[in-house]
Amino acid sequence: MQSSACLHCGLDIPTRRSVAHGRDFCCAGCEFVYGVLESKGLKKYYELRNANPPACPIPASEPTDDYLFYDDPEFTASAADNGTRVRFYLEGMNCTACIWLLEKLPEVCADVAASRVNMSTSTIEVTRTPDGSFAKIARVLSQLGYRPHALRENETASALQISERRRDLIRIGITAFLTGNIMIMTVSLYGGAKGEMGSLFQWIAAALTLPVLTYGAWPFYRSAFSSLRARHLNLDVPIVVAVLVGVITSLLALVTGGTAIYFDSLAMLVFLLLSSRFVLKSIQIRNFQSTNIEDHLLTGTVQKENGAGLWVDASASALIRGDRIILKPGALVPVDGRIDAGSATINAAVLTGESANLRLGPGETIEAGCRFLSGDCILEVTAPPRETRLAAILRETERLAKTKSHFVHMADRTAHYFIGFVLASATAVMLYFLRENPAEGISRALALVIVTCPCVFGIAIPLSMAMAIRNAARRGIIVKSADAIENLWSAKKFYFDKTATLTTGSMAVVRSSYSQTADLDLVLGLESNQLHPVARCLTKFAIEEGAKPSAFQKVWNLAGGGVAGSTDGSICEVRPRELASSFHNDLKQRGLATSEFGLFRDGHLIADFEIGDQTRSESAGVLRWLRARGLQTQILSGDRNQVVESCARLLGFPPNQAQGRMTPEAKSQVLVAAGRGSVMIGDGANDAGAFAAASVGIAVAGSLDVSLRAADVYLTQPTLLAIPELIEIAQRTKHAIYRNLGFSAAFNVIAGTLAIFGFMTPLWAAVIMPVSSITVLMSAVFSARASESKVAKP
Amino acid sequence: MNIIYFLVPMALLLGGGFAAAFIYSSKRGQFDDLETPAHRMLLDIEPETKDPVKGNAHE
């Protein structure tokens with residue numbers, strides 16, 4: 001009895017697969033990786049991974065890219081240490097076994113001299129051997145299941161970031177040290193120290209508070225000052241006001257021998273604020289600044305005809321209009337061009353969302369960003385890489401992302417009113433008592449300002465957001481900033497791309513009818529040596545269904561498309577069911593993404609197969625889940641109307657909520673018009689503009705790097721199930737924050753009223769304030785903890 | 001109670017020493033990555049493992 005879990009990734013094995021090493025694997029990728037680890041003596045990886053449940057399943061993957069641009073001189077020149085050291089952001093690095101394996105990279109790949117993992121940033125720093133290739137290293141990482149994104153970082157910028165973090169940390173450390181000691185001094189005062197001893201402790205506390213209020217609180221002064229200069233009230237203004245008023249009264253009391261001394265409260269406030277901001281800052285992925293697609297296109301090499309009529313290798317970035325080039329199969333087309341001679345099969349899904357492969361002949365144009373699949377053709381460059389339509393789309397995306405209206409957090413808006421109200425009330429109280437009893441007025445105003453400290457805004461809300469981002473990250477959902485969480489909880493309209501988002505994006509057999517496995521044996525026998533994409537789909541399907549190739553005496557290609565072979569005196573054919581003059585052209589003209597192929601024996605149909613772009617198995621469920629919550633769903637696809645319609649029918653979209661033939665520009669216009677509360681979910685370069693225009697752009701796994709840059713959220717697992725999870729997380733965060741706001745409002749109204757009417761001395765205010773802060777803090781932490789285990793699945 | 005004039009400065013000095021140690025270790029990058037070392041210490045050190053920081057070749 002064999003286990004049904006893949007030995008490499010631990011996922012279920014979908015169907016019977018070829019058995020190698022006497023064990024089962026779910027796919028060729030896993031089998032390959034297992035083989036590599038076994039041959040290099042690195043099987044301890046599995047021990048480590050399984051010793052530490054929950055195991056982190058990493059399905060190995062075929063590299064989605066050849067990563068050739070990482071070998072471009074322009075890229076390597078930007079790498080550290082004379083072009084030998086690069087940092088990659090890796091997807092799917094979660095556990096101890098991952099670290100172990102990744103730091104053993106030099107043993108897996110000879111091009112690596114050294115590698116070091118940083119788990120908090122999900123990055124790996126790789127040093128190559130003097131003649132090593134970053135492209136090869138990236139392919140190995142990708143094959144192991146960790147999709148790499150090289151971080152093109154300006155070395156000074158990243159050094160600045162590190163030193164900023166260290167500076168923040170030191171500031172917190174010193175503040176914590178001083179605050180602790182101030183507390184100790186103050187305890188003696190609360191305990192009743194009087195006279196010479198009492199004043200000694202007061203003076204020590206004052207001396208210790210001085211650096212907290214200058215050096216420690218410095219970021220608040222700076223931020224409050226710049227916000228005032230911009231004629232705007234931010235959260236730091238009341239903090240600074242409270243701190244300054246507190247310091248002045250405390251100093252006065254200290255000199256005159258009064259009792260209104262709040263050094264401990266002030267220091268604690270500064271410490272808590274510094275810490276919560278540090279947590280939020282360090283959890284946001286600020287430097288997810290991966291290389292952009294322009295680099296992918298501009299770099300790499302093609303074959304170019306030189307003046308003498310010879311074909312030479314040339315860098316894509318050096319191409320000019322009128323050059324004649326030959327592309328490598330599988331490469332991304334770097335330029336806009338026209339086919340001069342020959343023909344080509346391309347896939348334009350990235351650019352247009354069209355799922356079907358296109359076969360193009362002389363005179364037809366190919367746009368940059370398409371993938372060149374096969375064919376022999378000479379392409380004449382009509383637009384060099386920087387002037388293509390794709391380049392224009394990318395520039396527009398960058399522009400939209402920059403001008404994305406500055407989002408004002410709900411917390412900031414509320415804080416704004418709150419702060420204005422508190423300051424106005426305090427001033428009113430002071431003015432009221434100005435004539436008769438100014439001391440009483442100051443005391444009441446001070447009590448009011450201290451007791452209504454906006455802790456819920458400054459500490460609890462950032463903390464709730466930070467926990468939500470972390471919570472999402474544990475589920476493989478990378479959320480770039482707290483804005484996305486807040487926008488998600490009020491999102492009403494969800495726009496989906498079709499190709500590779502609602503569908504898997506790869507051609508596969510979506511329907512089949514055959515009577516016996518022997519039929520599949522015939523199909524496999526005929527198609528196994530064919531290179532055509534249809535043949536590869538059929539081969540894959542037959543292998544997964546457990547077919548063994550039949551032997552044929554002779555195999556030949558049919559003029560109208562398809563393949564035929566003779567066996568045991570009968571002739572078998574696999575060809576389109578309706579034989580047209582040329583089935584490629586036929587497919588193109590009828591605009592079908594699915595196509596029916598038949599297996600014929602001596603002219604009789606004995607089995608048929610429909611090939612198309614499969615919808616993801618979870619798409620329908622996720623859409624139902626969204627609709628059940630009253631959220632609008634809509635398809636925005638660049639694919640042909642017919643294909644979009646059939647997909648929409650399958651997934652329950654009314655016809656008016658599925659739009660096909662959308663250009664990338666049109667998509668972003670729809671999102672601009674949709675305004676707030678719109679979410680775009682997609683993958684390709686054609687969605688990048690829409691991501692930038694939407695309130696929240698969600699890029700699904702496998703997206704191009706350009707989409708990643710424009711998106712706010714990135715799903716690292718290839719499933720849409722992450723979307724309901726993400727929405728649940730956002731909703732729970734919203735509830736936690738609202739609960740805290742409600743509590744805080746009730747507290748502030750009661751305590752504020754008591755302060756105004758003189759029932760609360762500043763001393764009591766200073767004692768009560770931290771209690772309320774800690775309450776909201778605990779509530780934020782515990783509700784996030786609780787929600788971690790409660791996210792529902794559709 | 002005169003001992004307090006000695007003890008308080010001592011306590012502050014002691015705390016200050018730890019604060020200084022903290023500053024020193026922050027500056028040396030001890031707190032740049034708070035997650036990986038916790039996992040790395042679970043892994044056995046093998047003789048052939050080279051120092052990844054310095055990037056030495058196999059030894």
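Reminder, nothing fancy here: chain letters follow the sequence lines and each chain counts from 1.
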Inset, instruction - Name the option with the most non-hydrogen atom pairs under 4.5 Å to chain A; the candidates are I23(B), D32(B), I4(B). - result: D32(B)

Legend entry - Inter-chain contacts: residues 7-15 of chain B against chain A, heavy atoms under 4.5 Å: V8(B), L12(B), G15(B)

Legend entry - Contacts of type ring-ring contact (aromatic ring centres under 6.0 Å, His included), residue F271(A), not counting sequence neighbours: none

Legend entry - Residues which pass ring-ring contact (aromatic ring centres under 6.0 Å, His included) with F31(B), listed by chain and number, not counting sequence neighbours: F22(B)

Inset, instruction - Let me know if N118(A) has heavy atoms under 4.5 Å from chain B in its side chain, its backbone, both or neither. - result: both

Inset, instruction - Indicate yes or no: at least one non-hydrogen side-chain atom of L141(A) is less than 4.5 angstrom from one of L102(A). - result: yes

Legend entry - Nearest-0.5 Å distance that lies between atom CZ in R116(A) and atom CZ in R85(A): 12.0 Å

Legend entry - L208(A) versus chain B, the contacting section by heavy-atom distance below 4.5 Å: side chain

Inset, instruction - Evaluate whether atom CZ of F18(B) has more than 12 neighbouring non-hydrogen atoms of other residues, nucleotides or ligands under 6.0 angstrom away. - result: no

Legend entry - Contact check, side chains of P219(A) and R171(A), non-hydrogen atoms, under 4.5 Å: yes

Inset, instruction - Any pair with a residue in residues 9-29 of chain B that passes side-chain hydrogen bond (donor to acceptor under 3.5 Å, both in side chains), sequence neighbours left out, goes on the list, sorted by first then second residue, please. - result: Y24(B)-R28(B)

Legend entry - Heavy-atom proximity to chain A below 4.5 Å, by part of Y5(B): side chain

Inset, instruction - Sort L178(A) into side chain, backbone, both or neither according to what part of it lies under 4.5 angstrom from a heavy atom of chain B. - result: neither

